Amino acid sequence: MSALADDTDDESLGSALRRSTLLRHGVFFVALAAVLLVATYLVSPFHDYEIAGVAIYTIAAAGLTVLTGANGQISLGHGALMMIGAYTTSVLLQWRPGLPMIVTLLGAVVSTGLAGSIIGVAGARLRGPYLAGATLALAVALPQIPLHFAGVFGGNQGLNVASPTAPAALGADFPNERWLAWLCLAAALVTLFLLANLLSSSVGRRLRTVRDNEVAARLAGVDVARTQVLAFVISAVCAGLAGALFAYWVSITSPTGFTLTLSLQLLTAVVIGGLGSLTGAVWGSIILIYLPVLTGDLASNLSLSSDVANNVPLAIYGVVLVVAMLVFPRGLQGALVSLARQLARVIRMRGTVLPAVPSAPEQ
Amino acid sequence: MATRISRSRPWAVVALGGAATLLAAACGSGSGSGSGNSASAPGITATTVTIGSTQPLTGPAALGYSEIAPASKAYFQYVNAHGGVNGRSINYIYLDDGYVPSNTPTQTRKLVLQDNVYAIFSALGTPTHLAVVNYLNSAKVPDVLVSSGCNCWNNVSQYPYTFGFQPDYTIEGKILGQYIKQTYPGMKVGYFAQGPNDEFGTDGIAGLNDQLQGSGVTVLSPPQYYPPTAAGAAAVKSAIATLQLQGAQVIAAFSVPLFTAIAEATAAALNYHPIFVVSNVGSDPPTLTKILTGGALGVTLPAALITGMVSDAYEPVVSDSSNPWVQLFKSIKNQYAPSLPWDGNVFYGMNQAYTFVQALKAAGQNPSRDDLVHAIQNSHWRGPGLVPFGFSSSSHLGLLGVQIDKTNADGSQTTMGPVYTTDDTSSGAITQYTGTPATPPSNGIPSD
């Protein structure tokens with residue numbers, strides 16, 4: 001999976017695969033889809049529901065990876081962009097309750113794409129902390145809008161969204177949670193496939209050039225502002241798609257679901273997972289869903305007074321994040337990659353050196 | 001008291017078992033014959049019943065409300081220590097949703113799909129529970145005694161598995177409104193509520209308007225709202241400043257405790273001293289005192305800020321130590337949850353647990369999920385509540401009325417006037433309740 005982000009070729013792959021990125025990614029994603037399909041059958045409906053959550057966060061985090069990791073723009077407002085996607089879907093469903101999911105998802109993609117292009121144009125004029133500040137303002141301000149236009153957006157209580165039900169063809173006992181997991185996984189795989197191709201294309205190289213040195217990029221003929229806006233739009237579209245699926249997942253869209261915390265969680269996922277790597281976005285999303293579950297279980301197994309026990313999960317969550325950053329400064333994916341490299345070196349050394357010097361010291 | 005009960009334990013178990021067998025035979029609702037226990041429904045084994053709940057253990061509503069589930073659990077532990085219900089001990093799992101509606105669906109699914117609960121009990125919060133009520137009803141999971149006074153839970157055709165508990169906010173609004181128009185004629189009344197478009201606030205205001213519009217008082221418009229989020233504090237401050245500018249002499253509030261406290265603190269800071277009339281859920285004096293004096297608002301404020309606050313109650317006043325329910329629940333709290341404070345939240349949690357035990361007993365020896373629903377619909381039981389429940393096959397409304405009370409300088413409350421009952425329609429008359437309050441059974445466990 002580490003092949004997604006960097007273009008390193010693997011010798012074991014066939015020559016056709018080595019020549020065509022598209023083919024390589026295609027084969028990989030079809031295989032991954034098959035594995036995940038089997039996995040959704042092996043686990044309980046509740047775990048299917050959690051898997052759907054991971055898929056949703058992965059979409060948003062992958063979009064943020066393109067923006068922050070590949071293009072170097074920091075956004076503290078991706079929760080707000082998810083909110084635009086979620087509200088687009090929910091308002092469309094209020095208007096026409098039977099609207100097929102593909103239509104509402106496209107609607108969300110279009111609306112967040114528009115919002116992203118406007119924010120992107122503003123953002124292209126801002127650097128570093130100023131851009132972070134502007135997007136932070138977005139994350140704080142946007143959840144106020146549904147409160148002021150309560151008639152359309154349902155105010156504080158939000159809008160109900162009917163959870164997708166599995167088609168009858170799958171059988172009466174087929175859990176709706178598994179169907180939801182399929183839909184979200186399909187969206188996540190398509191998104192990751194497109195983004196992986198994008199990052200290994202000339203667009204990806206332009207994004208990284210702008211990140212590394214704007215002056216050099218300009219000298220090389222790259223339109224810096226346009227590239228930055230493009231990165232923002234791509235990223236916003238992902239957030240919008242994630243937001244739309246989020247609306248189906250939680251079956252209610254309310255401002256309290258899209259606080260600043262969500263934006264910070266997404267950035268946390270991207271950084272903890274490994275900045276700049278799509279695989280890292282997946283790790284980060286898995287942590288986002290499962291770490292609170294683990295800390296919650298842990299806290300409830302300790303016999304603490306309720307005042308302490310209630311806040312222990314949050315405290316553990318914070319400590320784990322701090323420790324993870326200290327131990328793996330390049331994120332989980334970075335740590336895994338260097339571990340794999342070290343292992344490969346050890347194996348190579350053993351393979352060549354072992355016959356002559358049996359007790360070769362390991363480096 | 002505890003020793004007396006444990007001495008009579010063998011007798012109690014035999015009596016309970018006998019009563020339950022009789023009941024099962026009489027109703028014909030138990031699926032098993034004889035006295036054998038079977039795993040008759042999800043979450044029910046021969047020896048245990050597992051139930052679940054979502055609660056605000058953290059976040060803005062945790063102040064006060066986080067005590068409710070531990071209090072319920074303490075009562076269940078008491079019942080378990082005395083033989084359980086039909087020989088089964090109650091296993092109560094409650095999860096934190098932080099009062100955030102988008103957290104509740106995950107936690108509820110965890111309870112239903114993973115922990116395999118028999119029923120959802122006492123799930124707290126109007127906006128949070130609205131996010132899962134459709135799911136629970138489509139999954140046919142009993143969703144009983146919701147900790148919210150939204151009249152949305154009383155919707156038998158759409159939500160056949162959902163039951164309310166406390167009087168709905170419209171009932172409270174009507175009875176509070178009647179008190180305001182009778183006690184403060186000619187005054188300017190401003191509304192302060194959770195919202196906008198939050199059923200908690202809008203249902204309450206509907207009840208107030210029912211009594212106050214076109215009466216002798218002047219109702220200021222528009223109503224002032226706050227969102228129950230981190231941004232809520234700023235909204236409360238601007239709301240109170242607006243009401244001061246408008247010259248509101250009475251503030252009728254439908255707010256959760258943290259925001260009631262912020263409102264009272266803000267008014268005091270502005271040297272503004274209106275009469276606060278606060279609905280039950282936001283007015284528990286021990287909870288408000290703890291918020292004001294405990295530094296939760298960033299400063300330490302005097303408890304006297306809430307002196308004179310008018311409120312309403314559907315349970316006995318917790319500072320009334322002569323009340324037998326207060327004595328019973330307080331002794332259970334001291335034994336099973338000594339770290340909890342003694343306040344209205346704890347009483348409320350125990351009251352709900354008591355009611356659930358009544359329902360579970362009535363559902364029969366080996367109940368299905370539907371048996372629990374039928375048992376509540378057919379119930380005529382009484383408990384700590386001041387008035388009867390409104391449960392029937394056509395109504396899932398909880399308690400039907402309240403009594404007005406006032407907070408004294410020492411934080412105790414004094415009831416004022418009779419107990420009133422009404423319904424949540426604008427035409428429904430407010431009538432004085434004349435029934436006598438129930439007294440607890442000697443062993444503290446409902447016998448029917």
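These numbers were taken from a predicted model, which means no experiment stands behind them. Lettering of chains follows the sequences in order, A, B, ..., and the numbering in each one begins at 1.
Heavy-atom distances place the side chain of A:Phe246, and not its backbone, under 4.5 Å from chain B. In this structure, chain A has no heavy atom under 4.5 Å from any part of B:Gln107. Interface residue B:Thr126: only side-chain heavy atoms are found under 4.5 Å from chain A.
With chain A as the partner, the residue from B:Val100, B:Thr106, B:Ile93, B:Asn103 showing the most heavy-atom pairs under 4.5 Å is B:Thr106. Heavy-atom pairs under 4.5 Å with chain B peak, among A:Val140, A:Val250, A:Val161, at A:Val250.
Around atom OH of A:Tyr290, more than 12 heavy atoms belonging to other residues, nucleotides or ligands sit under 6.0 Å away.
A:Ile252 approaches B:Leu130 most closely through the heavy-atom pair CD1-C, 4.5 Å. Closest non-hydrogen pair, A:Ser251 versus B:Ala131, comes out as OG-O, 3.5 Å.
Within residues 47-55 of chain A, the residues having any heavy atom less than 4.5 Å from a heavy atom of chain B are, in residue-number order, A:His47, A:Tyr49. Contact residues of residues 175-187 of chain A toward chain B are A:Glu177 (heavy-atom distance under 4.5 Å).
Proximity of A:Leu147 to B:Tyr225: side-chain heavy atoms (C-beta onward) are nowhere separated by under 4.5 Å.
Between the CZ atom of B:Arg109 and the OG atom of A:Ser44 there is a distance of 13.0 Å, given to the nearest 0.5 Å.
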Original post:
Going through the distances and angles, do A:Phe46 and B:Val112 end up as a side chain to side chain contact (heavy atoms under 4.5 Å, CB included)?
Top reply: CA-CA 9 Å; A:Phe46 178 66; B:Val112 172; over 6 Å; no
